[in-house]
Structures are given as C-alpha cells and as structure tokens.
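In what follows, every heavy atom counts, from backbone to side chain, and hydrogens, waters and symmetry copies are set aside. No experiment lies behind these values; they were computed from the predicted model shown.
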Amino acid sequence: MLDAEPWIRPFPAAAIPTTPWTVLFFPHSGGSTGSYQELAARLADTARTACVQYPGRAERRYEPPFTDVHVLAGQVAEALAPARGDGPLVLFGHSLGAAVAYEVVRRMPDRRRLVLVASGHPAPSRITLPALDDPVGEDSTSGQGSGTPPRHCGCTSCQGATSSPTSAPRTWRTSCAVS
C-alpha cells in the first residue's frame with residue numbers, strides 16, 4: 001500500500017481489495033485528501049486508494065505552499081518511487097492535479113504499469129507550465145500590470161477569465177495554478 005508521509009496519505013479500507021490496482025489522487029488547486037474521500041470509499045472494493053497531500057493544505061497547512069509545479073512533482077515522484085509497490089498504479093488528477101500527476105509520471109524511474117487519468121485540464125503534454133514565482137510585471141508574457149490577462153493553465157477555473165485593456169478589470173480566479 002502506498003504510504004509515503006507526508007506526501008501520500010492512504011485512505012483506510014474495510015477490506016483488502018480483490019485486485020492489485022492502486023489509485024493515487026492528485027487534488028485540484030485548493031483541494032486536499034478530503035476532496036477524494038467519497039470517491040475513495042466507492043473504489044474501496046476494487047482498488048487501494050491514496051491521495052497526494054500538498055504542502056499548505058489540511059494537515060500540512062502550516063508548511064509553505066508550493067510555488068513551482070515542477071519542484072512539487074519532483075518531490076512527489078521521489079516519495080512515490082520507493083513506496084509504489086509492484087501492482088498497476090492509476091494516477092488521477094483533476095485540474096491542477098492533472099498537471100502535477102503528468103509531471104510526476106515524467107519523473108518516475110519506472111513507468112511500467114502506470115496509467116495517467118487527467119480530468120478538467122487540457123492534455124498536460126500539450127502545454128508548458130511556468131514557475132509560479134515569476135516576478136509580477138517583469139515577465140512580458142504574464143500580462144500582469146499591463147491590463148492584459150495573466151497566463152492561465154487552461155483549467156476549468158480559467159475558462160472565460162479574460163479581459164481587455166479597455167474593459168473594466170475583472171477579478172482573476174485565484175484557484176488557477178498560474179494566475
């Protein structure tokens with residue numbers, strides 16, 4: 001069973017599943033292990049379940065939140081590799097979690113028996129995620145401070161979050177990974 005504190009939290013199961021499958025959930029921006037408790041309970045007979053716990057969330061709320069998806073993915077992959085086990089592993093990520101899960105798969109030393117399920121996000125292989133700590137106003141592509149929209153990851157939180165220099169400013173959605 002996956003257990004790599006503090007990164008991966010297994011969900012308790014009443015009985016051992018009848019298959020060798022494990023499902024590892026990657027929460028959306030602002031999400032935590034609690035976001036997947038109900039789904040994990042529904043899968044309990046079919047697969048072992050666990051969730052990545054991001055720093056700055058839930059039990060890790062006093063840790064500084066991550067600022068770079070690439071660094072986060074490297075840390076999760078480092079914790080996951082020795083705890084993975086031999087069975088097939090499904091990495092399910094929603095929104096920001098899809099991008100993190102994809103980056104984790106890219107960093108895994110052994111990709112055999114890995115399945116990536118990306119939900120609520122464009123195909124992660126088709127976009128480039130910038131570091132989240134780009135200085136405001138200094139990155140010409142960010143648009144921040146210039147009246148143009150900042151970069152967005154394309155997640156469902158970002159859809160429709162556009163503005164023009166002549167329109168009234170809109171409140172940018174802070175749930176986006178790159179806003």
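- The side-chain heavy atoms of P55 and L72, taken from C-beta on, include a pair separated by under 4.5 Å.
- Within 6.0 Å of CG in D110 there are more than 12 heavy atoms belonging to other residues, nucleotides or ligands.
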Carefully, step by step, assess H94 and S119 under the rule side chain to side chain donor-acceptor pair (under 3.5 Å).
-> CA-CA 5 Å; H94 178 69; S119 163; 2.9 Å; yes
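- Scanning both residues, S95 and H121, for their nearest heavy atoms gives O-CD2, 3.2 Å.
- The nearest pair of heavy atoms linking A79 to W7 is CB-CD1, 3.7 Å.
- Side-chain contact check for F66 versus V69: some heavy-atom pair is nearer than 4.5 Å.
- The two residues S35 and H28 have their closest heavy-atom pair at OG-CE1, 3.5 Å.
- Inter-residue side-chain proximity for L24 and V90 is flagged as unmet; no heavy-atom pair is nearer than 4.5 Å.
- Here CD1 of I8 is found 12.5 Å from OG1 of T33. Values are rounded to the nearest 0.5 Å.
- Distance check, rounded to the nearest 0.5 Å: CD of E59 to CZ of R61 gives 7.5 Å.
- With contacts defined as side-chain heavy-atom distances shorter than 4.5 Å, the pair F26/L91 qualifies.
- Side-chain contact between W21 and T46 is absent, with no heavy-atom pair separated by less than 4.5 Å.
- No side-chain heavy atom of E78 sits under 4.5 Å from any side-chain heavy atom of Q75.
- Using a 4.5 Å cut-off between side-chain heavy atoms of Ile, Leu, Val, Met, Phe, Trp and Tyr, with links allowed through other members, V71 and V76 fall into different hydrophobic clusters.
- By the 4.5 Å heavy-atom criterion applied to side chains, L89 and R113 are not counted as neighbours.
- Of all non-hydrogen atoms in S32 and Q53, the two that sit nearest each other are CB-NE2, 3.6 Å.
- Shown here for V100 and A73, the closest heavy-atom pair between the two residues is O-CB, 4.1 Å.
- In this structure, the side chain of Y54 engages the main chain of P27 through a donor-acceptor pair within 3.5 Å.
- Rounding to the nearest 0.5 Å gives a distance of 10.0 Å between CD of Q37 and OG1 of T49.
- Within the 4.5 Å cutoff, side-chain heavy atoms of R107 are placed close to those of H70.
- A pairwise comparison of heavy atoms in L39 and F25 identifies CD2-CE2, 3.5 Å as the closest pair.
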Candidate pair V52 and R9, rule side chain to side chain contact (heavy atoms under 4.5 Å, CB included), full reasoning | CA-CA 6 Å; V52 173; R9 303 286 167 90; over 6 Å; no
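- The CZ atom of F11 sits 15.5 Å away from atom CZ of R48, with the distance rounded to the nearest 0.5 Å.
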